[in-house]
Amino acid sequence: MGSLNAAPQPVAGDIATQRLLPRETPLPMAPSEFAKNRVPDRVPAAVAAMAWRRGLILLSTAALTGAGGYEMYRVLEVGGVTVLEAMVLALFLVLLAWVAFSFASALAGFFVLLAHRPDAVDAELPSIASRTAMLLPTYNEDPHRLTARLRAIIESLETTSHGKLFDWFVLSDSTDPDIWVAEEKALLALRQAVGIPRLYYRHRADNTARKAGNISEWITRFGGVYDFMIVLDADSLMSGQTIVRLVRAMEINPTAGLVQTLPMIVNARSLFSRVQQFAGRLYGPMIAAGVAWWHGSEGNYWGHNAIIRVKAFAEAAALPQLRGRKPFGGHILSHDFVEAALMRRAGWGIYMLPTLSGSYEEVPPSLLDFAARDRRWCQGNLQHLAVVSGRGLHWVSRLHFMVGIGAYLTAPLWLLFLLLGMLISLQARFVRPEYFPRGFSLFPTWPAQDPVLAIWVFGATMGLLLLPKLLSLVLLWTRRSERRQFGGVLRVAAGVIAEIAISALMAPVMMIFQSIAVVEILVGRDAGWQTQRRDDGTVERRELYRKYGIPTLCGVAMAASAYAVSLPLLLWMSPVILGLVFAVPIGALTASPACGKLFGTPEEREAPAVLRRANELSAGAEIGIKPALVELREDAALLAFHLVQLPPARAVRPDMIDANLAVGRAKIDASDSFEQAAAHLSPREVLSTLNDGSALSTVLRKR
């Protein structure tokens, strides 16, 4: 377009400025209060057998925990249970209950899928009549890959003949000025490519409440005319047929507030992500079928790839701020669990469709990237300690909160369990036992455990962990077409063995990372809001040593302590010790690119149409992002698009002056050229300048 000496005015009818946003149709949202009960206006459709299903899961968990706890007591009570041994027994009961609960749910999923016939791929698509908004919140993501995935979804939905019932919104919270302008440019290109006027873009300068605030702001401005909304993540992908079936599922169940799909992991490149992709594809459907079987209308929400009734969300799911300081106070991070619980409290059903295919997502490329995301989730889930006691919540919703909290508290509990076990061994080796305690005793107290029974208890516990994976193989054997898509049972069996080995090596490292995260959160350290890395998992050597240093030192200390007791104890502890001592090479290996057929999945061997199209568009997408001011100076249509969406200038009180804008204006006025001004402005000053039409026009007019 050439350099600009003056900021152009928007051109009427130009695609850059035509219908930037639809007419506002506000829908009010009042924050819920956890201390006040709410009488539901409706009752979701319930399965008559739900009570005995839930009873069966809980009774099975209690029975397995009781049996395992009794056997563990027999291991420890040979010479009388000491204080340390009693602590070990208590920890074992808590951890075994966690394992048994997961096993019981997975076992239910096995029988559900064993009796379920896969849905026909070519089943006739239902007709729908509701109006749905497709919402894509984004925060400092690669705009080219973002719009490539979005275009693939739009094109897939247009082939269903229901495309006119959907409006599309890219809801940006990006704080990087270069990414913000690149998003606008990519959105303009996407509008021209798909030719759909119902594709909108909104940038939010104030990132209050993060993603939850982003969605709430959209509802209060535009939600009034929509029946449903489907919330996507930056890495989400959904087929048009899946979207239509989700809408139909909501239409036939007027008490449904939310229907969650089971997203399958795709596009894995590193060894770490390929292992996660394989495990999620093979084990995930069985686990999801199990929880859906006993959750019923009291399901959960994972924050994306789900359809939500806008009315239900607006009337029940507005989130209050938690009292106190961060990390426990402030805005709720893991908002999805809370939103589902609040909608269910209001009488709306929360469901999952575990067998509905066509929903996809990506996974972090390395263990370090996964741990960084997991750190945010850990803080969000621990915040639920302040929510779980809220009045009027369904008991299954409370259970969801406890399961989410337990997912992170079990890490330090496992670590403490291991440390106490080693401490008992060290005590027996180096501390002189008190054979004749104070008081009357006919016989001495011998500190001992039953080693043979201990092996049986350990084997049974590992069986509860590993049997669901083997049951997934049995399910695969019963499904001929899916078996071929995976490459055959033998290849999948080899993949399962390799996945178990790799996961066993990574598990101790994640145990240390999660234990550190829990401690940091408890002492008041906030996780912040970082952008998730979605490219390859390559990690620099310095970062490997820095991040994996603590797990390595823990492994060395455990190895030395175990060896000081005996070589058999060192061998017994070797599965944990090896993963920690070799954390650096394991981290480097799993972060490196991996190819081959060992961890192949059906979507990888024969990619669905929407996935093929998204990858094709991503491969051909523009690479790199220009500086925001340079981009706007060179593209008049882009500048017009940017200017017209800025909010109108308002009178600013002296105590509300933007310091970055004031400093930026001073630098702009003191600069002799555009290049000099652009070079002197900091990213925050550029961001403030982009939000102010007058300052932006001033800097762009400079020669």
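Note that the structure is a prediction, hence the values are computed from the model and not measured.
To the nearest 0.5 Å, the span separating CG on L416 from CE on M87 amounts to 6.0 Å. One distance of note links OG of S334 with CD of E339; it measures 10.5 Å at 0.5 Å rounding. Here CG of L418 is found 6.5 Å from CG of L415. Values are rounded to the nearest 0.5 Å. Expressed to the nearest 0.5 Å, how far CZ of F110 lies from CG of L475 amounts to 5.0 Å. Between atom CG of residue N300 and atom OG of residue S397 there is a gap of 8.0 Å, rounded to the nearest 0.5 Å. Residue I350 holds its CD1 atom at 5.0 Å from CG of L258, rounded to the nearest 0.5 Å.
Within 6.0 Å of CG in L473 there are more than 12 heavy atoms belonging to other residues, nucleotides or ligands. The number of heavy-atom neighbours closer than 6.0 Å to OH of Y73, taken from other residues, nucleotides and ligands shown, is 12 or below. No more than 12 heavy-atom neighbours from other residues, nucleotides or ligands sit within 6.0 angstrom of CZ on F582.
Within the 4.5 Å cutoff, the side chain of W456 has no heavy atoms near those of the V75 side chain. Within the 4.5 Å cutoff, side-chain heavy atoms of H384 are placed close to those of F337. Two residues are said to be in side-chain contact when any heavy atoms from C-beta on lie closer than 4.5 Å; Q276 and F599 fail this criterion. For the pair V99 and L95, the minimum side-chain heavy-atom distance is 4.5 Å or more. Using a 4.5 Å heavy-atom cutoff, the side chains of S472 and L470 are not in contact. Residues V88 and M72 have side chains in contact (heavy-atom distance under 4.5 Å, counting atoms from C-beta outward). Between L368 and E543 there is a side-chain heavy-atom pair separated by less than 4.5 Å. Contact annotation: the side chain of V363 never approaches that of Q277 to less than 4.5 Å [non-hydrogen atoms, C-beta and beyond].
The salt bridge (Lys or Arg N to Asp or Glu O under 4.0 Å) pairs that include a residue from residues 507-520 are R375-E520, E520-R525, where partners are two or more places apart or lie in different chains. Applying the salt bridge (Lys or Arg N to Asp or Glu O under 4.0 Å) test to residues at least two apart or on different chains, the pairs with a partner in residues 53-72 are R54-E298, E71-R74. Among residues at least two apart or in separate chains, side chain to side chain donor-acceptor pair (under 3.5 Å) pairs with a member in residues 257-267 are T261-S359, N267-E362, N267-N615. The salt bridge (Lys or Arg N to Asp or Glu O under 4.0 Å) contacts involving residues 566-576 comprise nothing, where partners must be two or more places apart or lie in separate chains.
Checking side-chain atoms of K211 against main-chain N and O of L333 turns up no donor-acceptor pair under 3.5 Å. At distances below 3.5 Å, at least one donor-acceptor pair connects side-chain atoms of S236 with backbone N or O atoms of D233. Looking only at distances, no side-chain donor or acceptor of R269 sits under 3.5 Å from a matching main-chain atom of S592. Under a 3.5 Å cut-off, the side chain of Q383 and the backbone N or O of P327 do form a donor-acceptor pair. Between the side chain of S270 and the main chain of P365, a donor-acceptor pair closer than 3.5 Å is present. When atom types are taken as modelled, the side chain of S566 and the backbone of L569 share a donor-acceptor pair closer than 3.5 angstrom. A donor-acceptor contact shorter than 3.5 Å is absent between the side chain of T65 and the backbone of A62. Panel note: side chain S174, backbone N140; a donor-acceptor pair is recorded below 3.5 Å. The backbone N or O of M558 sits nowhere less than 3.5 Å from a side-chain atom of S561 that would complete a donor-acceptor pair. Using modelled atom types, one side-chain atom of R398 and one backbone atom of G390 make a donor-acceptor pair closer than 3.5 Å.
Between the side chains of N305 and E361, no donor-acceptor pair of N or O atoms lies under 3.5 Å. In the model, N207 has no side-chain atom that pairs as donor or acceptor with a side-chain atom of T175 under 3.5 Å.
Taking every heavy atom of both residues into account, M264 and G280 meet most closely at SD-O, 4.2 Å. Closest approach of G406 to W98, counting heavy atoms only: C-CH2, 3.6 Å. Contact between T61 and F101 at its shortest, heavy atoms only, is OG1-CA, 3.3 Å. Across all non-hydrogen atoms, the minimal contact from A340 to Y301 is CB-CB, 3.8 Å. Residue P137 comes nearest to I215 through the heavy atom pair CG-CD1, 3.6 Å, listed as atom of the first residue, atom of the second, then distance. Residue G587 comes nearest to L544 through the heavy atom pair C-CD2, 4.0 Å, listed as atom of the first residue, atom of the second, then distance.
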Show your working on side-chain hydrogen bond (donor to acceptor under 3.5 Å, both in side chains) between T138 and D173 and close with a plain yes or no.
CA-CA 6 Å; T138 180; D173 263 351; over 6 Å; no

For a side-chain contact (heavy atoms from CB on, under 4.5 Å) check, start with the C-alpha distance between L319 and H331, then their side-chain angles and the critical distance, and finish with the verdict.
CA-CA 8 Å; L319 302 180; H331 296 291; over 6 Å; no

Evaluate W377 against Y408 for ring pair (Phe, Tyr, Trp, His ring centres under 6.0 Å), listing each step before the verdict.
CA-CA 9 Å; W377 289 357; Y408 294 96; 8.0 Å; no

Please assess M343 against F313 for the test side-chain contact (heavy atoms from CB on, under 4.5 Å), listing each intermediate value before the final yes or no.
CA-CA 7 Å; M343 282 191 285; F313 196 91; 4.1 Å; yes

Could you please spell out the steps behind the side-chain contact (heavy atoms from CB on, under 4.5 Å) verdict for I521 and Q379?
CA-CA 6 Å; I521 293 166; Q379 180 175 330; 3.7 Å; yes

What do the steps show when you test T601 against V266 for side-chain contact (heavy atoms from CB on, under 4.5 Å), and what is the final call?
CA-CA 9 Å; T601 62; V266 293; over 6 Å; no

Would you mind writing out the side-chain donor-acceptor pairs for residues 495-515 within the sub-3.5 Å range, not counting sequence neighbours?
| residue | atom | partner | partner atom | Å |
| --- | --- | --- | --- | --- |
| E499 | OE1 | Y283 | OH | 2.8 |
| E499 | OE1 | K469 | NZ | 3.2 |
| E499 | OE2 | K469 | NZ | 3.3 |
| E499 | OE2 | S503 | OG | 2.7 |
| S503 | OG | E499 | O | 2.8 |
| Q514 | NE2 | D374 | OD2 | 2.9 |
| S515 | OG | M511 | O | 2.7 |

Going by atom type alone, with no hydrogens or angles, which donor-acceptor pairs under 3.5 Å involve a side-chain atom of residues 286-296 and a protein atom two or more places apart or on another chain?
| residue | atom | partner | partner atom | Å |
| --- | --- | --- | --- | --- |
| W294 | NE1 | S105 | OG | 3.1 |
| H295 | ND1 | V291 | O | 3.4 |

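Using a cut-off of 4.0 Å between Lys/Arg side-chain N and Asp/Glu carboxylate O, D526 and R325 are scored as not salt-bridged.
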